[in-house]
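This report refers to the structure that appears directly beneath it.
Indexing begins at 1, ligand by ligand and atom by atom, following the structure's order. The figures that follow rest on heavy atoms only: side chains count, while hydrogens, waters and symmetry mates do not. What you are looking at is a predicted structure, and each value in this text was computed from that prediction instead of being measured.
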Amino acid sequence: MTRVPRTRLLGTASAAVLAAGAVLAGAASTATATPAAAGADTTYLVLAPQGQGTTKAKDRVTAAGGTVVARYDAIGVLVARSTNSAFTTAVAGSGVESVASTAGLGSLLDEGETTSLSAQDVADAAGNPTAEPLWANQWDMRQIDVDDAHAVTTGSPDVTVGVLDSGISSTHPDLATQIAKDKSASCIGGVVDTSEAAWNPTTSDHGTHVAGTIAAAINNVGIAGVAPGVKVASVKVVSDAGYIYPEAAVCGFMWAADHGMQVTNNSYYIDPWEFNCKNDPRQRPVWQAVQRAIRYSQNKGVLTVASAGNSNVDLQHKFVDDASPNDGSSPVETRTINGACVDLPAEAPGVVTVSATGPTQQKSYYSSYGQGVVEVAAPGGDTRFRTQGAKSTPTDGILSTTFNTVTRTNGWGYKQGTSMAGPHVAGVAALAVSAHPEMQPGQLASFLQRTASPLACPSGTYNPTPALGTAYVATCSGGAKNGFYGAGEVNAFRVVS
Ligand SMILES: [Ca+2]
């Protein structure tokens, strides 16, 4: 167990924006994925048969009254826009395997809650192995031996981690030197925009927090990240309204692959359907496009790290999804989720999926899990473990870099979630590939698991928050590699030593 120093806090936790939210009826996609409304400018994913290129599909898009806004020949995917209400049927034909409107196919980013540090807290904190003022508050880093790793290496500047998220504040004193600006871009709308303003945060500092965990500088300011010697690239895929649309995610994976990144961090899920069912015609093209993009990036040497999610669900056994779609596009449908339904990108092949632990190295109360789904665990914070659910203890969250989107000021603060666990793994992967540049993504994924600290299943039913009744009950299955922790908690020292 690691002691977490007490810190005075200013500001209260903001309300969490939950992925599974209330939904209002609105324009809806139907079983054949028709546009949201006649005449509305709608975005589509148009898939060519794998390996056939997109020339014929592009011609069909044009003939159907659409405009191609992004073209990925290597994976046979087009992003198109059209105001033709009959576009879906008009574009179908030779050279087009499938098409889906992405209207309503965005998922709301699960922001978690933030607690900010005051300037006085920052000035008062002292004492640490790396000379960073807030190191004493970084229990997460000590838990995975980041200080020991840094005695060996802080990572190579030739390694870049793509942060597919809500943007990174390029003016943050702990991040300004850490960003590969020439590899940063916005992918909103499925269209690349490399201007610095486009990939900075607008309405969410989620990506800024994630980036700090990966690579905050050792500079006598604020915190240290897992791999301060590597670079992060901001690849903005979260819209101002907080949604991750499939065309943005596909763009992000392709951008990372074509710009020499070795790792991407993906702390989100795609789709308003928390589980994307391959046998549903509305969802299958999304599954195909995302899978093709991830596979392409893996073939280009990119390891994909993804968060397991904050719903405390067993991803192995699935369940009844009664909260999708969650973006207001259409009424919530209660669906029985089976093996054909997957959480993207977490359950795509080759992806390293991460569950979250708290300061006692037990599964965080909110973390989803699943044997054969979770590869490794990492600190994501658990603000309720000390109180068993009665109230929140913010310092048991993860301290990282923040950006106040209202006042447009940089700072540091705590968040918790599997969104915070993922970047610890992305950072450890960046250290690993710095030390072992010959490792390909598959080898790297195995290496992270082989070097992890095994964590055993708790016996019986796990209830970390008895004060909340059975709200966060979970059952762990498996042995040395199990549903709660996969192969165990990643370790920064063992991947570089
Ligand atoms: Ca720092």
Is a donor from one side chain sitting under 3.5 angstrom from an acceptor on the other, for Ser169 and Asn410?
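Indeed, the side chains of Ser169 and Asn410 share at least one donor-acceptor pair under 3.5 Å.
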Could you tell me if Asp258 and Tyr296 have a donor-acceptor pair between their side chains, going purely by distance under 3.5 Å?
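Yes - a donor-acceptor pair under 3.5 Å links their side chains.
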Just to verify, what does Val433 make a side chain to side chain contact (heavy atoms under 4.5 Å, CB included) with, not counting sequence neighbours?
Val159, Gln262, Leu444
Show which side-chain atoms of residues 225-238 pair as donor or acceptor with protein atoms under 3.5 Å away, not counting sequence neighbours.
residue	atom	partner	partner atom	Å
Lys231	NZ	Thr177	O	3.0
Ser234	OG	Ile168	N	3.3
Ser234	OG	Trp199	O	2.8
Lys236	NZ	Asn200	O	2.9
Lys236	NZ	Thr202	OG1	3.0

For Ala356, does its backbone N or O pair with a side-chain atom of Ser367 as donor and acceptor, under 3.5 Å?
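At least one qualifying donor-acceptor pair exists.
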Test: salt bridge (Lys or Arg N to Asp or Glu O under 4.0 Å). Region: residues 173-189. Which pairs qualify, not counting sequence neighbours?
Lys181-Glu196
With the Ca ion (ligand 1) as the centre, enumerate protein N/O/S atoms below 3.0 Å in chain and residue order.
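You should have found Glu132 OE1, Asp174 OD1, Ala217 O, Asn219 OD1, Val221 O, Ile223 O.
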